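Computed from a prediction, not measured in an experiment: that's the story for all the values here.
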Amino acid sequence: MPSPVPIRHHRAILRAVNRRTLLLSGAALMCLGVSGRKTYLRAHREWTRKLVLYHDFGTALMMRATLLEPAFRTLLAQERRRLLDPSEENHRAFVERMERDGAAYVEIVFAADSGFDNGRRFGPGDDRWNLRCEADGVDQPLVAVEQVRKPSPLHDTLYVQHDQWSELWIARFERTVPSPRTVVLHVGGGYGNGTCTWDL
């Protein structure tokens with residue numbers, strides 16, 4: 001008859017099993033989080049365009065612009081929910097606000113940097129970069145261009161084009177074409193001009 005296994009040996013086995021279960025559970029949760037993050041980053045890349053303008057061998061403007069169309073707004077809301085874990089009421093209110101804004105406006109969030117000290121302003125006027133938006137060839141009236149003066153950690157995580165060298169801005173245009181096939185952002189100033197184009 002085999003000798004009984006000491007109780008301490010049983011406890012060691014249970015500890016090892018529990019540790020392994022915890023590690024596997026943690027790895028599974030991490031995979032889910034990484035998978036969700038990868039999905040969002042892939043979508044962010046698809047909705048983001050890059051514009052670089054040069055002047056006299058210098059970078060007059062480097063811009064990375066993300067178009068907040070309804071399809072992307074849905075993914076953005078999901079990523080915010082994954083990151084913040086808000087209450088159902090808070091999440092629902094955010095989604096409703098995003099839907100209202102998406103129906104009323106064409107919004108573009110962009111990070112911009114310039115090699116020139118006077119090349120970092122946006123809005124109407126000859127002393128800054130002017131923005132103009134077309135939806136299917138129809139001008140969308142400019143409502144506002146605002147700089148996000150103190151981006152939060154959430155801004156940095158959702159709008160990954162923003163870095164330590166760039167400033168974050170939001171341009172809002174009145175939506176007169178409900179579901180455009182093409183959106184074009186025109187950017188022009190004293191150092192030149194260019195466009196960002198989204199084919200939807």
Side-chain angles (χ1 to χ4, degrees), residues 41 43-73 75-76 80 94 97-200:
L41 291 176
H44 183 273
R45 277 194 303 271
E46 291 172 1
W47 289 95
T48 300
R49 301 292 179 267
K50 181 179 178 180
L51 172 64
V52 182
L53 299 176
Y54 299 100
H55 181 78
D56 289 343
F57 306 106
T59 303
L61 180 67
M62 179 175 291
M63 172 190 282
R64 290 182 178 86
T66 305
L67 178 64
L68 301 187
E69 280 297 281
F72 180 69
R73 285 174 182 271
L75 295 172
L76 188 144
R80 176 187 180 271
F94 181 80
R97 189 173 77 246
M98 291 287 279
E99 289 174 350
R100 285 196 306 270
D101 288 350
Y105 305 107
V106 177
E107 285 185 313
I108 299 170
V109 177
F110 62 93
D113 184 31
S114 175
F116 304 111
D117 290 338
N118 59 351
R120 297 176 182 166
R121 294 194 295 172
F122 295 85
D126 292 345
D127 62 338
R128 61 198 66 207
W129 296 102
N130 284 238
L131 302 177
R132 184 168 62 87
C133 180
E134 287 181 340
D136 290 346
V138 179
D139 273 338
Q140 307 298 286
L142 178 65
V143 176
V145 184
E146 297 176 353
Q147 182 183 354
V148 181
R149 301 251 172 221
K150 293 182 179 180
S152 68
L154 185 62
H155 282 116
D156 289 337
T157 307
L158 293 177
Y159 305 113
V160 293
Q161 68 264 51
H162 179 242
D163 57 28
Q164 59 183 329
W165 298 283
S166 63
E167 295 171 338
L168 193 64
W169 295 76
I170 300 174
R172 175 177 275 188
F173 303 86
E174 182 183 343
R175 183 183 291 272
T176 67
V177 179
S179 302
R181 291 180 172 273
T182 303
V183 173
V184 181
L185 177 66
H186 297 264
V187 183
Y191 296 125
N193 65 78
T195 59
C196 295
T197 303
W198 292 266
D199 293 314
L200 310 179

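- Between Gly123 and Val145, the shortest heavy-atom distance links the atoms CA-CG2, 4.3 Å.
- Between atom OG1 of residue Thr195 and atom CZ of residue Arg49 there is a gap of 11.0 Å, rounded to the nearest 0.5 Å.
- Shortest non-hydrogen contact noted between Arg120 and Ser114 is NH2-O, 3.0 Å.
- Heavy atoms of other residues, nucleotides or ligands lying less than 6.0 angstrom from CG of Asp127 number more than 12.
- Across every non-hydrogen atom of Tyr191 and Ala60, the tightest pair is CB-CB, 3.5 Å.
- The shortest non-hydrogen separation linking Thr66 to Phe72 is CG2-CE2, 3.7 Å.
- Under the 3.5 Å distance criterion, the side-chain polar atoms of Glu134 are left unmatched by any main-chain donor or acceptor of Arg132.
- Judged purely by distance below 3.5 Å, without hydrogens or angles, the side chains of Gln161 and Thr48 never pair a donor atom with an acceptor atom.
- Scanning all heavy atoms of the two residues, the minimum distance from Val143 to Glu174 falls at CG2-N, 3.5 Å.
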- [ ] Determine, step by step, whether Glu69 and Arg175 satisfy the salt bridge (charged side-chain N to carboxylate O under 4.0 Å, His left out) criterion, reporting the C-alpha distance in whole Å, the side-chain angles of both residues, the deciding distance to 0.1 Å, and the verdict.
- [x] CA-CA 11 Å; Glu69 280 297 281; Arg175 183 183 291 272; 2.6 Å; yes
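- Atom CZ in Arg73 sits 11.0 Å away from atom CZ in Arg100 (nearest 0.5 Å).
- A pairwise comparison of heavy atoms in Leu142 and Pro124 identifies CD2-CD, 4.1 Å as the closest pair.
- The closest side-chain heavy-atom distance from Leu200 to Pro180 is below 4.5 Å.
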